[in-house]
Amino acid sequence: MSKYAQFSELDGSHIRIGLVRARWNGEITKNLENSAGKTLQDYNVTDDRIVSTEVPGSFELSWKTQTLAYHYDVDAIVAIGCLIQGSTPHFDYLANAVTNGLTEVSLRTEVPVVFGVLTCLNEEQARERSEGEHDHGPGWAKTAIELGSAKRELKRENSE
Ligand code: RBF
């Protein structure tokens, strides 16, 4: 039995998705963005309905995600970053700040935000989770399609 979320009948034909990527541990986050982007395409989210943008590090993800939520008419956003533990407590402060920041953005703007931030003890763990069988990018993309579709439906109902 897989511990990962299962998804049924996803169709991204009518939704707009934001992707925000942090450039720290850039090779890892690029892989994650690429595989998430490919999965979006697989489920009919065409390029013209994907807004991609970058920030220097994970700490900046919250602000940029909020900017997309308020100004780019997206139905869901995947915030992608990779925190790797160092020898100082910085990792814990950053992980808490990003987690709380993205949660707050999602609740404040009412745009679903997918937590695409790996928090790893070392680079090897980060690699395992960003390529091959355990790559998290596709699952984040599917989560965004499911929630983005729900958000779009809500907007439609409220405009009737
Ligand atoms: N950003 C990341 O996305 N991942 C990291 O692992 C990471 N580690 C950091 C470690 C230290 C000691 C510092 C000072 C910054 C780190 N950052 C990391 C960058 C951070 O998210 C942010 O971009 C900068 O602090 C500038 O606001």
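Remember, it's 1-based here, ligands and their atoms both numbered in the order they're listed.
Shown here is Phe59, whose CZ atom has no more than 12 heavy atoms of other residues, nucleotides or ligands within 6.0 Å.
In terms of hydrophobic clustering, with Ile, Leu, Val, Met, Phe, Trp and Tyr side chains grouped at heavy-atom distances under 4.5 Å, Val111 and Ile17 are assigned to different clusters. In terms of hydrophobic clustering, with Ile, Leu, Val, Met, Phe, Trp and Tyr side chains grouped at heavy-atom distances under 4.5 Å, Leu19 and Leu61 are assigned to different clusters. In the hydrophobic clustering of this structure, Ile80 does not group with Trp63; members are Ile, Leu, Val, Met, Phe, Trp, Tyr whose side-chain heavy atoms approach within less than 4.5 Å, directly or through other members. Grouping the Ile, Leu, Val, Met, Phe, Trp and Tyr side chains by contacts below 4.5 angstrom, directly or via other members, places Leu10 with Ile15.
Atom 6 (O) of ligand 1 has its closest protein heavy atom at Ile84 N, 3.1 Å. Scanning the protein heavy atoms around atom 21 (O) of ligand 1, the nearest turns out to be Phe59 N, 3.0 Å. If you check which protein heavy atom lies closest to atom 3 (O) of ligand 1, you get Ser58 OG, 2.7 Å. In this structure, atom 7 (C) of ligand 1 lies nearest to the protein heavy atom Trp24 CE3, 3.1 Å. Ranking protein heavy atoms by distance to atom 11 (C) of ligand 1, first place goes to His90 CD2, 3.3 Å.
One finds no salt bridge joining Lys30 and Glu27 here, because no Lys/Arg side-chain nitrogen approaches an Asp/Glu carboxylate oxygen to under 4.0 Å.
By the 3.5 Å distance cut-off applied to N or O atoms, Pro56 is not counted among the residues near ligand 1. Residue contacts with ligand 1: Cys82 is placed with a nitrogen or oxygen under 3.5 Å of a nitrogen or oxygen of the ligand (distance criterion only). Residue contacts with ligand 1: Glu60 is placed with a nitrogen or oxygen under 3.5 Å of a nitrogen or oxygen of the ligand (distance criterion only). Close N/O approach between Leu94 and ligand 1 is not found [any backbone or side-chain N/O within under 3.5 Å].
No donor-acceptor distance shorter than 3.5 angstrom exists from the side chain of Ser106 to the backbone of Thr103, with no hydrogens or angles considered.
Checking atom 25 (O) of ligand 1 against the protein gives no heavy-atom contact under 4.0 Å.
The shortest heavy-atom contact between Glu54 and Lys64 is O-NZ, 3.4 Å.
Heavy atoms of Gly81 stay at 4.0 angstrom or farther from ligand 1.
Set against the non-hydrogen atoms of Asn25, the atoms of ligand 1 under 4.0 Å away are 4 (N), 5 (C), 6 (O).
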